[in-house]
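Letters go in sequence order (proteins before strands), and every chain restarts at 1. This is a predicted model, so every value here is computed, not measured.
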2 protein chains.
Amino acid sequence: MNVDALPLLSVPACCQPLDGPSLTDAEAEGTASVFKALSDPTRVKIVNMLARSSEPVCVCELTPALRLAQPTVSHHLKKLVDAGLLLREQRGVWAFYRLDRDAVGRAAGILDLEGAIA
Amino acid sequence: MNVDALPLLSVPACCQPLDGPSLTDAEAEGTASVFKALSDPTRVKIVNMLARSSEPVCVCELTPALRLAQPTVSHHLKKLVDAGLLLREQRGVWAFYRLDRDAVGRAAGILDLEGAIA
DNA sequence: CTCATTCATTGACAAACGTCGATCTATGTG
DNA sequence: CACATAGATCGACGTTTGTCAATGAATGAG
(Lines give C-alpha, C1' and ligand atoms only; values in the text may rest on other atoms or scores of the structure.)
Protein backbone atom coordinates (compact mmCIF):
# COMPACT_ATOMS: atom_id res chain seq x y z
CA MET A 1 0.00 0.00 0.00
CA ASN A 2 1.29 3.48 -0.94
CA VAL A 3 1.02 5.64 2.13
CA ASP A 4 1.62 8.86 0.22
CA ALA A 5 -1.41 8.20 -1.99
CA LEU A 6 -3.78 7.83 0.96
CA PRO A 7 -6.34 10.59 1.52
CA LEU A 8 -5.82 12.58 4.65
CA LEU A 9 -7.05 10.58 7.62
CA SER A 10 -10.17 12.04 9.17
CA VAL A 11 -8.98 10.63 12.49
CA PRO A 12 -5.50 11.57 13.74
CA ALA A 13 -2.95 8.83 14.19
CA CYS A 14 -2.95 7.49 17.74
CA CYS A 15 0.60 6.30 18.13
CA GLN A 16 4.03 6.02 16.59
CA PRO A 17 5.25 2.93 14.70
CA LEU A 18 7.27 2.13 17.84
CA ASP A 19 9.39 -0.95 18.41
CA GLY A 20 9.32 -4.30 16.62
CA PRO A 21 8.16 -7.67 17.94
CA SER A 22 10.92 -7.67 20.58
CA LEU A 23 10.45 -11.43 20.84
CA THR A 24 11.29 -14.00 18.18
CA ASP A 25 8.76 -16.58 17.08
CA ALA A 26 10.90 -19.33 18.59
CA GLU A 27 11.10 -17.55 21.95
CA ALA A 28 7.36 -16.96 22.00
CA GLU A 29 6.59 -20.57 21.11
CA GLY A 30 9.00 -21.93 23.68
CA THR A 31 7.57 -19.77 26.42
CA ALA A 32 4.00 -20.59 25.41
CA SER A 33 4.76 -24.32 25.47
CA VAL A 34 5.74 -24.12 29.14
CA PHE A 35 2.57 -22.26 30.07
CA LYS A 36 0.54 -24.65 27.91
CA ALA A 37 1.80 -27.48 30.10
CA LEU A 38 0.36 -25.62 33.09
CA SER A 39 -2.93 -24.76 31.38
CA ASP A 40 -4.83 -27.83 32.61
CA PRO A 41 -6.31 -28.16 36.14
CA THR A 42 -5.05 -31.73 36.51
CA ARG A 43 -1.50 -30.73 35.63
CA VAL A 44 -1.71 -27.78 38.01
CA LYS A 45 -2.60 -30.23 40.77
CA ILE A 46 0.32 -32.48 39.83
CA VAL A 47 2.81 -29.63 39.87
CA ASN A 48 1.40 -28.41 43.17
CA MET A 49 1.72 -31.84 44.77
CA LEU A 50 5.30 -32.17 43.54
CA ALA A 51 6.11 -28.64 44.65
CA ARG A 52 4.99 -29.53 48.16
CA SER A 53 7.07 -32.70 48.28
CA SER A 54 10.79 -32.58 48.90
CA GLU A 55 11.16 -36.10 47.51
CA PRO A 56 10.12 -37.65 44.18
CA VAL A 57 6.53 -38.91 44.10
CA CYS A 58 5.37 -42.27 42.74
CA VAL A 59 2.73 -42.46 40.00
CA CYS A 60 0.90 -45.02 42.11
CA GLU A 61 0.36 -42.23 44.59
CA LEU A 62 -0.72 -39.61 42.06
CA THR A 63 -3.33 -41.69 40.26
CA PRO A 64 -5.72 -42.28 43.20
CA ALA A 65 -5.29 -38.71 44.44
CA LEU A 66 -6.32 -37.31 41.06
CA ARG A 67 -9.26 -39.72 40.63
CA LEU A 68 -8.46 -40.22 36.96
CA ALA A 69 -7.73 -43.29 34.87
CA GLN A 70 -4.10 -44.38 34.84
CA PRO A 71 -3.50 -43.66 31.12
CA THR A 72 -4.83 -40.14 31.63
CA VAL A 73 -2.37 -39.47 34.45
CA SER A 74 0.44 -40.90 32.37
CA HIS A 75 -0.58 -38.63 29.53
CA HIS A 76 -0.40 -35.52 31.71
CA LEU A 77 2.94 -36.52 33.21
CA LYS A 78 4.42 -36.94 29.76
CA LYS A 79 3.29 -33.46 28.77
CA LEU A 80 4.91 -31.98 31.85
CA VAL A 81 8.16 -33.84 31.21
CA ASP A 82 8.19 -32.78 27.55
CA ALA A 83 7.75 -29.18 28.67
CA GLY A 84 10.82 -29.53 30.87
CA LEU A 85 8.90 -29.01 34.10
CA LEU A 86 9.20 -32.55 35.51
CA LEU A 87 11.99 -35.08 35.80
CA ARG A 88 11.32 -38.82 35.61
CA GLU A 89 13.14 -41.49 37.56
CA GLN A 90 12.54 -45.24 37.33
CA ARG A 91 12.83 -47.34 40.49
CA GLY A 92 12.12 -50.96 39.74
CA VAL A 93 8.53 -51.22 38.64
CA TRP A 94 7.65 -47.75 39.80
CA ALA A 95 8.14 -44.39 38.16
CA PHE A 96 8.88 -41.38 40.33
CA TYR A 97 8.52 -37.77 39.25
CA ARG A 98 9.90 -34.59 40.73
CA LEU A 99 9.75 -30.91 39.86
CA ASP A 100 12.45 -29.06 37.94
CA ARG A 101 12.20 -25.93 40.05
CA ASP A 102 14.01 -23.64 37.59
CA ALA A 103 11.79 -24.21 34.56
CA VAL A 104 8.89 -21.92 35.44
CA GLY A 105 11.27 -19.14 36.39
CA ARG A 106 12.91 -19.35 32.98
CA ALA A 107 9.59 -18.96 31.18
CA ALA A 108 8.54 -16.02 33.33
CA GLY A 109 11.90 -14.41 32.66
CA ILE A 110 11.38 -14.44 28.91
CA LEU A 111 8.03 -12.76 29.48
CA ASP A 112 9.88 -9.92 31.22
CA LEU A 113 7.77 -10.52 34.30
CA GLU A 114 10.51 -11.11 36.86
CA GLY A 115 9.58 -7.97 38.73
CA ALA A 116 5.93 -8.91 38.76
CA ILE A 117 6.47 -12.29 40.38
CA ALA A 118 7.34 -13.16 43.95
CA MET B 1 -13.33 -54.71 45.79
CA ASN B 2 -12.67 -56.62 49.05
CA VAL B 3 -9.12 -55.85 50.10
CA ASP B 4 -9.02 -58.59 52.68
CA ALA B 5 -9.73 -61.20 50.03
CA LEU B 6 -6.76 -60.17 47.86
CA PRO B 7 -3.80 -62.53 47.60
CA LEU B 8 -0.58 -61.23 49.09
CA LEU B 9 1.02 -58.74 46.74
CA SER B 10 4.09 -60.08 45.03
CA VAL B 11 5.47 -56.54 44.85
CA PRO B 12 5.82 -54.49 48.05
CA ALA B 13 3.91 -51.25 48.40
CA CYS B 14 6.02 -48.30 47.29
CA CYS B 15 4.58 -45.46 49.34
CA GLN B 16 2.16 -44.41 52.03
CA PRO B 17 -1.33 -43.06 51.30
CA LEU B 18 0.09 -39.61 52.10
CA ASP B 19 -1.73 -36.30 51.88
CA GLY B 20 -4.88 -35.39 49.98
CA PRO B 21 -5.25 -33.17 46.91
CA SER B 22 -3.96 -30.11 48.81
CA LEU B 23 -5.59 -27.93 46.14
CA THR B 24 -9.32 -27.57 45.53
CA ASP B 25 -10.81 -28.05 42.08
CA ALA B 26 -11.71 -24.37 41.97
CA GLU B 27 -8.16 -23.29 42.82
CA ALA B 28 -6.68 -25.63 40.23
CA GLU B 29 -9.08 -24.43 37.54
CA GLY B 30 -8.51 -20.78 38.36
CA THR B 31 -4.76 -21.18 38.23
CA ALA B 32 -4.92 -23.21 35.03
CA SER B 33 -7.07 -20.54 33.36
CA VAL B 34 -4.37 -17.94 33.90
CA PHE B 35 -1.70 -20.17 32.41
CA LYS B 36 -4.04 -21.13 29.58
CA ALA B 37 -4.21 -17.47 28.66
CA LEU B 38 -0.42 -17.53 28.32
CA SER B 39 -0.33 -20.82 26.41
CA ASP B 40 -0.42 -19.26 22.94
CA PRO B 41 2.65 -17.72 21.21
CA THR B 42 0.68 -14.70 20.03
CA ARG B 43 -0.56 -13.95 23.52
CA VAL B 44 2.97 -14.38 24.87
CA LYS B 45 4.11 -11.72 22.42
CA ILE B 46 1.28 -9.41 23.46
CA VAL B 47 2.10 -9.75 27.15
CA ASN B 48 5.78 -9.24 26.44
CA MET B 49 5.12 -6.07 24.46
CA LEU B 50 2.90 -4.71 27.22
CA ALA B 51 5.41 -5.71 29.88
CA ARG B 52 8.06 -3.66 28.09
CA SER B 53 5.86 -0.60 27.83
CA SER B 54 5.28 1.66 30.80
CA GLU B 55 2.21 3.12 29.13
CA PRO B 56 -0.95 1.49 27.69
CA VAL B 57 -0.60 0.28 24.10
CA CYS B 58 -3.11 0.87 21.30
CA VAL B 59 -4.60 -2.07 19.39
CA CYS B 60 -3.75 -0.27 16.17
CA GLU B 61 -0.13 -0.73 17.17
CA LEU B 62 -0.43 -4.39 18.14
CA THR B 63 -2.20 -5.60 15.01
CA PRO B 64 0.52 -4.76 12.45
CA ALA B 65 3.28 -5.93 14.81
CA LEU B 66 1.67 -9.34 15.19
CA ARG B 67 0.93 -9.73 11.47
CA LEU B 68 -2.48 -11.22 12.18
CA ALA B 69 -6.00 -10.27 11.13
CA GLN B 70 -7.73 -7.70 13.34
CA PRO B 71 -10.46 -10.08 14.62
CA THR B 72 -7.76 -12.54 15.65
CA VAL B 73 -5.90 -9.94 17.69
CA SER B 74 -9.16 -8.82 19.28
CA HIS B 75 -9.90 -12.44 20.16
CA HIS B 76 -6.56 -12.87 21.92
CA LEU B 77 -6.91 -9.60 23.81
CA LYS B 78 -10.31 -10.65 25.09
CA LYS B 79 -8.89 -13.92 26.38
CA LEU B 80 -6.14 -12.08 28.25
CA VAL B 81 -8.62 -9.63 29.76
CA ASP B 82 -10.97 -12.45 30.81
CA ALA B 83 -8.03 -14.15 32.50
CA GLY B 84 -7.39 -10.99 34.49
CA LEU B 85 -3.99 -10.38 32.94
CA LEU B 86 -4.83 -7.27 30.91
CA LEU B 87 -6.78 -4.09 31.57
CA ARG B 88 -8.72 -2.33 28.82
CA GLU B 89 -9.13 1.40 28.44
CA GLN B 90 -11.14 3.17 25.75
CA ARG B 91 -9.82 6.48 24.40
CA GLY B 92 -12.13 7.85 21.74
CA VAL B 93 -12.08 5.42 18.84
CA TRP B 94 -9.06 3.56 20.11
CA ALA B 95 -8.71 0.84 22.69
CA PHE B 96 -5.61 0.73 24.87
CA TYR B 97 -4.42 -2.25 26.85
CA ARG B 98 -1.98 -2.52 29.71
CA LEU B 99 -0.67 -5.32 31.89
CA ASP B 100 -2.01 -6.16 35.34
CA ARG B 101 1.40 -6.90 36.80
CA ASP B 102 0.12 -8.78 39.85
CA ALA B 103 -1.93 -11.44 38.06
CA VAL B 104 0.83 -13.86 37.09
CA GLY B 105 2.36 -13.66 40.52
CA ARG B 106 -0.95 -14.67 42.07
CA ALA B 107 -1.19 -17.74 39.85
CA ALA B 108 2.38 -18.78 40.56
CA GLY B 109 1.72 -18.34 44.26
CA ILE B 110 -1.11 -20.86 44.25
CA LEU B 111 1.22 -23.28 42.55
CA ASP B 112 3.55 -22.97 45.54
CA LEU B 113 6.35 -21.91 43.26
CA GLU B 114 7.27 -18.59 44.83
CA GLY B 115 10.65 -19.91 45.87
CA ALA B 116 11.34 -21.25 42.40
CA ILE B 117 10.70 -17.95 40.65
CA ALA B 118 12.86 -14.84 40.53
C1' DC C 1 9.57 -70.41 32.45
C1' DT C 2 4.65 -68.27 34.02
C1' DC C 3 2.18 -64.88 36.29
C1' DA C 4 1.10 -60.35 38.47
C1' DT C 5 1.99 -55.49 38.72
C1' DT C 6 3.28 -50.78 37.09
C1' DC C 7 3.37 -47.72 33.65
C1' DA C 8 3.52 -46.15 28.69
C1' DT C 9 1.40 -46.27 24.16
C1' DT C 10 -2.35 -46.58 20.86
C1' DG C 11 -6.87 -45.45 18.97
C1' DA C 12 -11.26 -43.27 19.22
C1' DC C 13 -14.35 -39.77 20.50
C1' DA C 14 -16.31 -35.20 21.89
C1' DA C 15 -15.02 -30.62 23.27
C1' DA C 16 -12.18 -26.65 22.90
C1' DC C 17 -8.98 -23.80 20.24
C1' DG C 18 -6.80 -20.49 16.61
C1' DT C 19 -7.72 -18.33 12.50
C1' DC C 20 -10.16 -15.49 9.28
C1' DG C 21 -14.11 -13.22 6.41
C1' DA C 22 -18.28 -10.89 7.14
C1' DT C 23 -20.90 -8.09 9.97
C1' DC C 24 -22.10 -4.97 13.77
C1' DT C 25 -21.34 -1.08 17.11
C1' DA C 26 -19.34 3.13 18.51
C1' DT C 27 -16.79 7.20 17.88
C1' DG C 28 -15.39 11.27 15.26
C1' DT C 29 -15.54 14.35 10.80
C1' DG C 30 -17.82 17.33 7.81
C1' DC D 1 -27.57 13.73 8.37
C1' DA D 2 -23.90 10.67 5.69
C1' DC D 3 -19.40 8.80 5.80
C1' DA D 4 -14.96 6.76 7.48
C1' DT D 5 -12.40 4.44 10.95
C1' DA D 6 -11.34 1.31 15.20
C1' DG D 7 -12.48 -2.51 17.25
C1' DA D 8 -15.75 -6.22 18.94
C1' DT D 9 -18.80 -10.06 17.71
C1' DC D 10 -20.47 -13.81 14.88
C1' DG D 11 -19.90 -18.25 11.89
C1' DA D 12 -17.34 -21.52 9.85
C1' DC D 13 -13.23 -24.25 9.13
C1' DG D 14 -9.47 -27.38 10.35
C1' DT D 15 -6.47 -28.61 14.24
C1' DT D 16 -5.50 -29.69 18.89
C1' DT D 17 -6.87 -31.33 23.39
C1' DG D 18 -8.52 -34.32 27.50
C1' DT D 19 -10.46 -38.57 28.48
C1' DC D 20 -10.78 -43.51 28.56
C1' DA D 21 -10.67 -48.78 27.09
C1' DA D 22 -7.55 -51.84 25.15
C1' DT D 23 -3.04 -53.20 24.47
C1' DG D 24 2.05 -53.39 24.89
C1' DA D 25 6.64 -53.26 27.38
C1' DA D 26 9.35 -53.85 31.46
C1' DT D 27 10.20 -55.39 36.11
C1' DG D 28 9.92 -58.67 39.95
C1' DA D 29 8.13 -63.14 42.35
C1' DG D 30 7.87 -67.96 42.39
| request: Mind checking side chain to side chain donor-acceptor pair (under 3.5 Å) for D100(B) and listing every partner two or more places apart, or none if nothing turns up? | output: none
| task | Round to the nearest Å and state the distance from F35(A) atom CZ to dC17(C) atom C1'. | result | 19 Å
| message | Rounded to whole Å, please give me the gap between CH2 in W94(A) and P in dA8(C). | response | 15 Å
| task | Answer with base, sugar-phosphate or nothing: what part of the nucleic acid does R91(A) contact at a heavy-atom distance below 4.0 Å? | result | nothing
| message | If the condition is salt bridge (charged side-chain N to carboxylate O under 4.0 Å, His left out), which residues does R67(B) pass it with, not counting sequence neighbours? | response | none
| said: Other residues, nucleotides and ligands only: do more than 12 of their heavy atoms fall within 6.0 Å of CD on E89(A)? | reply: yes
| Whole angstrom value for the distance that separates P of dT17(D) from NZ of K36(A) | 5 Å
| task | With heavy atoms under 4.0 Å as the rule, sort F96(A) into base, sugar-phosphate or nothing. | result | nothing
| request: In whole angstrom, give the distance that lies between atom CG of L80(B) and atom P of dG7(D). | output: 16 Å
Using nucleotides 19-26 of chain C, report all nitrogen or oxygen pairs with the protein that are shorter than 3.5 Å.
unit_1: dT19(C); atom_1: OP2; unit_2: H76(B); atom_2: NE2; d: 2.4
unit_1: dC20(C); atom_1: OP2; unit_2: A69(B); atom_2: N; d: 3.2
unit_1: dC20(C); atom_1: OP2; unit_2: T72(B); atom_2: OG1; d: 2.9

| said: Check this for me: does any side-chain nitrogen of one of K79(A) and D40(A) sit under 4.0 Å from a carboxylate oxygen of the other? | reply: no
| said: I need the CG-P distance between L38(B) and dC17(C), as an integer number of Å. | reply: 14 Å
| Tell me: NZ of K78(B) to C1' of dG18(C), nearest whole Å? | 16 Å
| query | Should M49(B) and L62(B) be marked as a side chain to side chain contact (heavy atoms under 4.5 Å, CB included) after you check the CA-CA gap, both sets of side-chain angles, and the distance that decides it? | reply | CA-CA 9 Å; M49(B) 292 178 70; L62(B) 293 173; 3.9 Å; yes
